[in-house]
Asks: 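Structure provided below as structure tokens; questions to follow.
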Amino acid sequence: MICEITTTTCRPGSVAQVIESDYVPGTGIREDACGKLEGCWTTEIGPLNQIIQLRSYVDLDEQKRAAGNRNHQPRAEDLATTPSDIVNREVSVFRLMRGIHRPATGPNTYELRRYRFKPAQVERWTGLFLGSIEHREKYSKLSALLSGEGNSQDEVCHLWPYPDLNSRTAARAAAVNDPEWKKFIGASGGHLESMQSMIMIPANRSPLK
């Protein structure tokens, strides 16, 4: 399965308006022929005034067709928002390596972790991660693991739901002290160039809560 992560940066004060709109070039939220919406969040900690969307596709061909559909300009009278509300929009394409796990209860707080790797190190790190994930999931469940395609080929994203920020803190503290997960941390750090994390809140229309 192929996935997209779309990051839409909005003008301050316009996030709520944009997230409820059908402005396809700006947000890609519409459900017609733009791929299956798996999750939609607003950023709470990290870069602010952003909308993060996760969409899935059967294959790269479907993803490319959907990208073309999103670029179709709607009529001005159909827009609930305007291009001036959108500061920037970035789309990254990934291959789904594990997931998508949907929490049984919600709404949850989500953490999206984006790692950039040294050249040709993604496959090795992913193998180590998947070989050790059972030890990390004793404390909280992974929602999705994504490996980059194309311009994102040296990137991996992993998505984690938590009931709240206190639960995140407790789970991560317990994992760091787990002897088996410590082995993974020790074996994997040398493959990385950079790490980013953002805390996100599900939007009303998000399937992942």
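Scope of the values below: all heavy atoms of this structure, side chains included, with no hydrogens, waters or symmetry mates. Each residue takes its place number in the sequence, starting with 1.
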Asks: Nearest heavy-atom pair of Glu134 and Gly131: which atoms, and what distance?
Replies: OE2-O, 4.4 Å
Asks: Applying side-chain contact (heavy atoms from CB on, under 4.5 Å), run through Leu48 and Gln50 and close with a yes or a no.
Replies: CA-CA 5 Å; Leu48 300 179; Gln50 288 189 339; over 6 Å; no
Asks: Other members of the hydrophobic cluster containing Phe129, with the 4.5 Å side-chain heavy-atom rule, please.
Replies: Met97, Tyr115, Phe117, Val122, Trp125, Leu128, Leu130, Ile133, Leu142, Leu145, Val156, Trp160, Tyr162, Trp181, Phe184, Ile185, Leu192, Met195
Asks: Does the side chain of Leu112 reach to within under 4.5 Å of the side chain of Cys157, using non-hydrogen atoms?
Replies: yes
Asks: Given the rule in the side-chain contact (heavy atoms from CB on, under 4.5 Å) test, do Gln53 and Thr8 qualify, once you have shown the distances and angles that lead to the verdict?
Replies: CA-CA 8 Å; Gln53 297 155 71; Thr8 301; 3.8 Å; yes
Asks: Between Ser206 and Cys40 (side chain of the first, backbone of the second, donor and acceptor by atom type, cut-off under 3.5 Å), is there such a pair?
Replies: yes
Asks: Find the distance between CG (Leu96) and SG (Cys3) and round it off to the nearest 0.5 Å.
Replies: 4.5 Å
Asks: Taking all atoms of both residues into account, what is the closest heavy-atom pair of Cys10 and Val87, and its distance?
Replies: C-CG2, 3.7 Å
Asks: For Asp59, what residues pass the side-chain contact (heavy atoms from CB on, under 4.5 Å) criterion, not counting sequence neighbours?
Replies: Asp61, Glu62
Asks: Strictly by salt bridge (Lys or Arg N to Asp or Glu O under 4.0 Å), give each pair with a member in residues 115-127 just once, sequence neighbours left out.
Replies: Arg116-Glu155
Asks: Distance check, rounded to the nearest 0.5 Å: Glu90 atom CD versus Ser152 atom OG?
Replies: 9.5 Å
Asks: Linking Ile, Leu, Val, Met, Phe, Trp and Tyr through side-chain heavy atoms less than 4.5 Å apart, which residues share a cluster with Leu165?
Replies: Ile45, Ile199
Asks: Could I get the full list of side-chain contact (heavy atoms from CB on, under 4.5 Å) partners for Thr42, not counting sequence neighbours?
Replies: Val15, Ile19, Ile201
Asks: Using a strict threshold of under 4.0 Å (side-chain N to carboxylate O), is an ion pair present between Lys209 and Glu38?
Replies: no
Asks: Which residue pairs pass the salt bridge (Lys or Arg N to Asp or Glu O under 4.0 Å) test with at least one member in residues 162-171, sequence neighbours excluded?
Replies: Glu111-Arg168
Asks: Quick one: CE on Met1 to NZ on Lys36, what's the gap to the nearest 0.5 Å?
Replies: 6.5 Å
Asks: Output all residues satisfying side-chain contact (heavy atoms from CB on, under 4.5 Å) with Leu60, sequence neighbours left out; order by chain, then residue number.
Replies: Ile2, Gln63, Val93, Arg95, Glu149
Asks: I'd like to know if the side chain of Ser143 and the backbone of His101 have a donor-acceptor N/O pair within less than 3.5 Å.
Replies: yes
Asks: If you round to the nearest 0.5 Å, how far is CD1 of Ile100 from CG of Leu159?
Replies: 8.5 Å
Asks: I need the Ser132 OG to Glu137 CD distance, nearest 0.5 Å.
Replies: 11.5 Å
Asks: Compare all side-chain heavy atoms of Glu44 with those of Thr109 and state whether any distance is below 4.5 angstrom.
Replies: no
Asks: Quick one: side-chain hydrogen bond (donor to acceptor under 3.5 Å, both in side chains) partners of Thr7, sequence neighbours excluded?
Replies: none
Asks: Please determine whether residues Phe94 and Leu208 belong to a single hydrophobic cluster, defined as Ile, Leu, Val, Met, Phe, Trp and Tyr linked transitively by side-chain heavy-atom distances below 4.5 Å.
Replies: yes
Asks: Do Leu54 and Ile52 touch side chain to side chain, with heavy atoms closer than 4.5 Å?
Replies: no
Asks: For a 4.5 angstrom cut-off between non-hydrogen side-chain atoms, does Thr6 reach Arg89?
Replies: yes
Asks: Show me the pairs that pass ring pair (Phe, Tyr, Trp, His ring centres under 6.0 Å) and involve residues 186-209, at least two apart or across chains.
Replies: none
Asks: Of the options Ile86, Asp85, Val18, which is the one that meets Arg11 in a side-chain contact (heavy atoms from CB on, under 4.5 Å)?
Replies: Asp85
Asks: List the steps and the verdict of side-chain contact (heavy atoms from CB on, under 4.5 Å) for Asp154 and Gln121.
Replies: CA-CA 8 Å; Asp154 292 322; Gln121 294 299 306; over 6 Å; no
Asks: Hey, is CG on Asn151 packed in by over 12 heavy atoms from elsewhere, all under 6.0 Å?
Replies: no
Asks: Write down the atom of Pro161, the atom of Lys141, and the distance for their closest heavy-atom approach.
Replies: CD-O, 3.2 Å
Asks: Residues in side-chain contact (heavy atoms from CB on, under 4.5 Å) with Glu180, at least two apart?
Replies: His135, Asp178, Lys183
Asks: To the closest 0.5 Å, what do you measure between CZ (Arg205) and CG (Leu37)?
Replies: 8.0 Å
Asks: Quick one: list whatever passes ring pair (Phe, Tyr, Trp, His ring centres under 6.0 Å) with Tyr110, sequence neighbours left out.
Replies: Trp41
Asks: Testing the basics here: between Tyr139 and Ala174, what is the closest heavy-atom pair and its distance to 0.1 Å?
Replies: CD2-CB, 3.5 Å
Asks: Tell me who clusters with Val176, hydrophobic residues only, linked when side chains sit under 4.5 Å apart either directly or through other members.
Replies: none
